[in-house]
Amino acid sequence: MEVYLDNNATTMVDPEVFKAMEPFFCTIYGNPNSLHKFGAGTHPKMVEALNYLYEGINAADEDDIIITANATESNNTVIKGVWVDKILNGNKNHIITSEVEHPSITAVCKFLETQGVSVTYLTVNEEGILDAQQVKDAIREDTALVSIMWANNETGKIFPIAEIGAVCKEAGIPFHTDATQAIGKVPVNVQACNVTYLSFSAHKFHGPKGVGGLYVQKGYELTPLLHGGEQMGGHRAGTVDVASMVGMGLAMHLATKPEALEFENTEVKRLRDKLEDAILELPETVVIGGKDNRTPNTTLISIRGVEGESMLWDMNQKTIGASTGSACASEDLEANPVMNAFGSDSELAHTGVRFSLSRFTTEEQIDYAIEVIKNAVKRLRTISSSYAYTPKHHVSEL
Ligand SMILES: Cc1ncc(COP(=O)(O)O)c(C=O)c1O
């Protein structure tokens with residue numbers, strides 16, 4: 001049996017989404033900016049897709065949604081746009097973010113630091129989150145942007161976005177949130193949370209890879225990352241990938257309609273909890289950051305004495321895919337930076353395995369995964385020099 005438990009890295013394209021995209025390759029293939037009927041033929045489905053995107057995050061009609069290549073581009077666009085507009089061409093010089101953002105935020109901030117920008121990386125508590133008061137305390141006269149993720153990719157921990165949005169609104173500072181791991185898992189409402197900019201990536205919610213979005217609240221202009229043609233109203237040059245945009249729109253609709261979010265919060269959560277509870281029956285296992293305030297599909301579990309990579313290897317042999325951290329970092333055997341941020345000891349930091357489910361995960365798959373994981377832990381602990389051969393963890397106790 002094949003079991004895919006790495007849905008925070010990417011998801012399967014929903015077959016309905018795939019079907020909706022197909023006509024845009026060989027039948028309705030005009031350039032949407034062309035004036036003839038081939039170009040115009042793309043418009044109805046593009047408009048429908050855009051409407052689905054607005055609906056999915058509760059954007060207001062006057063707000064903007066820019067189609068990008070992925071969340072990495074959306075994040076770069078916001079931070080570098082603010083850099084040009086408010087820092088190089090304004091009188092601000094400070095950005096507030098957290099220490100557990102995705103590298104598409106932190107690497108940009110690190111780059112801007114080399115250019116003289118001051119960045120505050122807020123720390124997270126032992127539960128892996130921070131509170132709005134920390135943001136308030138970090139705000140300075142010259143703060144140009146606050147960027148805090150909606151949900152963490154590794155732990156699934158959900159940040160207090162409404163409270164942070166309120167703090168930023170009161171201080172008159174634009175608030176960006178990377179909602180890549182939140183869309184389709186928890187309700188996302190930009191208006192209720194006073195969000196100025198929001199990033200997302202279609203492939204995280206059963207849409208295609210290579211397309212994403214950037215929400216921009218009305219009244220907030222950004223210098224574009226890509227200059228060129230007048231596509232996207234001049235906010236992002238380059239011919240839009242129509243098939244992907246149509247796919248992303250439908251994927252957003254399917255993932256964010258109330259019954260889908262309800263399914264996520266009941267059935268997907270039930271299977272996640274079943275898997276998690278079964279692993280936690282093993283001694284010296286712990287959910288990193290604890291069980292509260294998480295996306296319903298994710299668990300990051302530390303299994304003492306078992307290297308995360310060894311677990312992945314054993315599971316892979318039995319056709320189960322999971323992760324030791326974000327996909328971008330999984331070939332890097334450095335300890336997981338998110339776990340380090342939690343203050344975990346260095347052994348714990350190397351023993352985390354992330355399981356992320358989706359609406360396509362089945363009960364049979366979870367039952368099979370539980371059996372494989374328990375056997376793998378037993379085997380790996382038996383041969384682990386740091387676990388099995390210490391008197392405290394005699395093999396017979398495993
Ligand atoms: C929180 C978060 N932000 C941004 C990204 C980047 O997404 P993409 O690779 O689609 O650009 C990811 C991908 O894992 C993510 O988890």
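Whatever order the structure lists ligands and atoms in, that order sets their numbers, starting from 1.
Residue-ligand proximity, Thr72 to ligand 1, at heavy-atom distances under 4.0 Å covers atoms 6 (C), 8 (P), 9 (O), 11 (O). Taking every non-hydrogen atom of Asn153 and a distance limit under 4.0 Å, the qualifying atoms of ligand 1 come out as 1 (C), 16 (O). Every atom of ligand 1 with a heavy atom of His203 under 4.0 Å away is listed here by number and element: 8 (P), 10 (O). Per-residue contacts place Ser104 under 4.0 angstrom from the following atoms of ligand 1 (heavy atoms of the residue considered): 4 (C).
Under the side-chain contact (heavy atoms from CB on, under 4.5 Å) rule, Phe175 has a single partner from Ile161, Val135, Leu145, which is Ile161.
Residue contacts with ligand 1 leave out Glu101, since none of its heavy atoms falls under 4.0 Å from the ligand.
Taking the ring axis of Tyr52 as reference, the NZ or CZ atom of Lys257 does not stay both within 45° of it and closer than 6.0 Å to the ring centre.
For the residue pair Gln133 and Asp137, a side-chain donor N or O sits within less than 3.5 Å of a side-chain acceptor on the partner. Between the side chains of Lys80 and Asn76, a donor-acceptor pair is found at a separation under 3.5 Å. In this model, no donor atom of one side chain and acceptor atom of the other lie less than 3.5 Å apart for Asn93 and Ser118.
The closest donor-acceptor contact from the side chain of Arg381 to the backbone of Arg304 lies under 3.5 Å.
Under 4.0 angstrom from ligand 1, there are no non-hydrogen atoms of Glu73.
Distances from atom 10 (O) of ligand 1 to the heavy atoms of Ala151, Ser323, Ser201 show the closest one on Ser201.
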